[in-house]
Amino acid sequence: MIVSISALKDHLDQEVTIRGWTTHHRKSGKIQFLNMRDGSGYTQCVIAIQDVGEAIFEKAKTITQESAVAVTGTVSQNPRNQQFELVVKDLELIHIAEPFPVTNKEHGTEFLMDHRHLWFRSKRQWAILRVRHRIVRAIRDFFDSHAYTLIDTPILTPTAAEGTSNLFKVDYFEDTAYLAQTGQLYLEPALAAFGKVYCFGPTFRAEKSKTRRHLTEFWMVEPEIAFAHLEDIMQLSQSFIHYILECVLADCQMEFEVLERDTEPLKKCLQPFIRMSYTEAVEKLRALGSDITWGTDFGGDDETILTQEYEQPILVHRFPKTFKAFYFEPDPDNHEVVLGMDLLAPEGYGEVIGGGERASSVDFLIEQIAKHELNQEHYEWYLDVRRYGSMPHAGFGMGLERAVAWICKLPHVRETIPYPRMLYRLKP
RNA sequence: UCCGGUGUAGCUCAGUCGGUAGAGCAGGUGGCUGUUAACCACCCUGUCCGCGGUUCGAGUCCGUGCACCGGAGCCA
């Protein structure tokens, strides 16, 4: 019977076959230890000459790291650590691997990135990408089960959505197209048809950013809700993050152990989030020694300083309109600020979510488009949202890779995606 | 784009005052019945990032280009 490694615990003392790849191979004179991986988990196979005979024993000696092998044996427990292992009776060599570049020793970043297609076989990368998948599932489950309709927004777009970040240009027959930097503008028109919507896909920023927080291609999930105000999406972002954390804490214990990720800080994030206005945040930062002045955006250091003060994520709201995109609704109580919000993850991770309430007046938006020196012609279709049944509405975007980096406590987002795309990194 | 750093064997690195290349791992051979980054012995492995310069002589010093790493700005 062929079983997955993760199911070995259900077959104690039974004879089963597992198929997978060799991660380590240790040889003694009359006993060999073969560590195997099949994607579902890891286990050890014990090959003793007294059990298999000389021919099979000799055949097993030829196995190299990352060879594909089918191993048949009896499930037992390691006498030392009680882990489930396979006492081998027979094995089939499916493919003997050439010397594998990514050895079980240390490697540098460039080498590992050049071998990304092989690197993600390693245990740590496996754990990260499994957590990523669990988060993706949680994201879809959360919105699907709360009556949101998935609206797939285009990746090829005719113009800049926000006009701030740099865009990747591509030839589009005789025309020029740009890779989408957000789906939001395409999401808003869908509100009047579906009420609550979200999109989830890759987005692209041609920023020449060289930091631990940036990729040029990254995945973003963006919910948008009709008749919602700033307060509604602040609450939504909290329950959304709570749900993701509950899922990974329940299902990813093995992965967190591999990553040596202490889950206590994550459990503390299941409490209500800290809230403060931008103005309060600036005061707090200045008290903590930052030289930030009102009206300028947080620097990377500011986010780090602020998030290290609290154990829960921080919802910062009501930013000066000077450094926010054109489409935010102004605060009725203070026209210097807009109804935007950012969610800053703890442990120094910083911005994971950004969003806010969108402007609903067509005249105000036209004014803002002019002030931001954007071409109104390109936004006529977007302005139509405000011409035919305009309403208050709000939404946010969450960067998947930043969320994964925080939850796994990784030093860099490049390990959170199977094939990272960064400044100076387009391969493999 | 700016600031700082690195570039030597397949990988990770050492290389003194400028004197002609080195260790561990990987690979190969042999040994070992409870190992788990196994261990022991032996063997194999080089465009010292490229180009130019100084020098009797450059991995080493100088100039320059390239690649990568870290940070900044911008953002999710």
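Throughout, protein chains are lettered first and strands after them, A, B, ... in sequence-line order, and every chain is numbered starting at 1. Side-chain atoms are counted along with the backbone in the values below, which use heavy atoms only and exclude waters and symmetry mates.
Annotation: Y327(A) is not in aromatic contact with Y382(A) [ring centroid separation under 6.0 Å not met].
Formation of a donor-acceptor pair under 3.5 Å by the H393(A) side chain with backbone atoms of A228(A) is not found in this model.
Nearer to the 5' terminus of RNA chain B, by closest-nucleotide assignment, is the contact made by K27(A) (compared with the other of K27(A) and M220(A)).
Base pairing of G50(B): its partner is U64(B), meeting the Watson-Crick or G-U wobble criterion (both donor-acceptor distances under 3.5 Å). A 3.5 Å limit on both hydrogen-bonding distances identifies no Watson-Crick or G-U partner for A58(B). Of the nucleotides present, C3(B) is the one that pairs with G70(B) by Watson-Crick or G-U wobble criteria, both distances under 3.5 Å. Across all strands shown, U29(B) forms a Watson-Crick or G-U wobble pair with A41(B), both key distances being under 3.5 Å. Of the nucleotides present, none pairs with G18(B) by Watson-Crick or G-U wobble criteria with both distances under 3.5 Å.
On a pure distance criterion of 3.5 Å, a polar donor-acceptor pair joins the side chain of H214(A) and the base of C75(B). No hydrogens or angles were tested; on distance alone, nothing pairs the side chain of Q32(A) with the base of G34(B) as donor and acceptor under 3.5 Å. You'll find a donor-acceptor pair under 3.5 Å spanning the side chain of R402(A) and the base of C75(B), going by distance alone.
Comparing the C1' positions of G22(B) and C62(B) gives a spacing of 27 Å, expressed to the nearest Å. Taking the P atoms as reference points, C39(B) lies 16 Å from G34(B), given to the whole Å. Taking atom C1' on both nucleotides, U47(B) is separated from U55(B) by 23 Å, rounded to a whole Å. For the C1' atoms, the distance linking U64(B) with G19(B) amounts to 27 Å, nearest Å. Spacing of C1' atoms, C74(B) relative to C2(B), comes out at 14 Å, to the nearest Å. Spacing between G4(B) and C48(B) at atom P, rounded to whole Å, works out to 29 Å. With C1' as the reference atom, A14(B) and G59(B) are 12 Å apart, rounded to whole Å. Distance check on atom P: U45(B) versus G28(B) gives 16 Å, rounded to whole Å.
Side-chain atoms of K89(A) and T74(A) form a donor-acceptor pair, as typed in the model, at a separation below 3.5 Å.
Relative ring orientation between F240(A) and F396(A) is described as tilted, the plane-to-plane angle lying within the 30° to 60° band.
Between the CG atom of N35(A) and the P atom of U36(B) there is a distance of 11 Å, given to the nearest Å. Distance F168(A) CZ to C74(B) C1': 14 Å, rounded to the nearest Å.
A close approach under 4.0 Å does not occur between any side-chain nitrogen or oxygen of R414(A) and OP1 or OP2 of C68(B).
Under the rule for a ring pair (Phe, Tyr, Trp, His ring centres under 6.0 Å), the partners of Y278(A) that lie at least two apart in sequence or sit in another chain are W294(A), F298(A), F319(A), F323(A).
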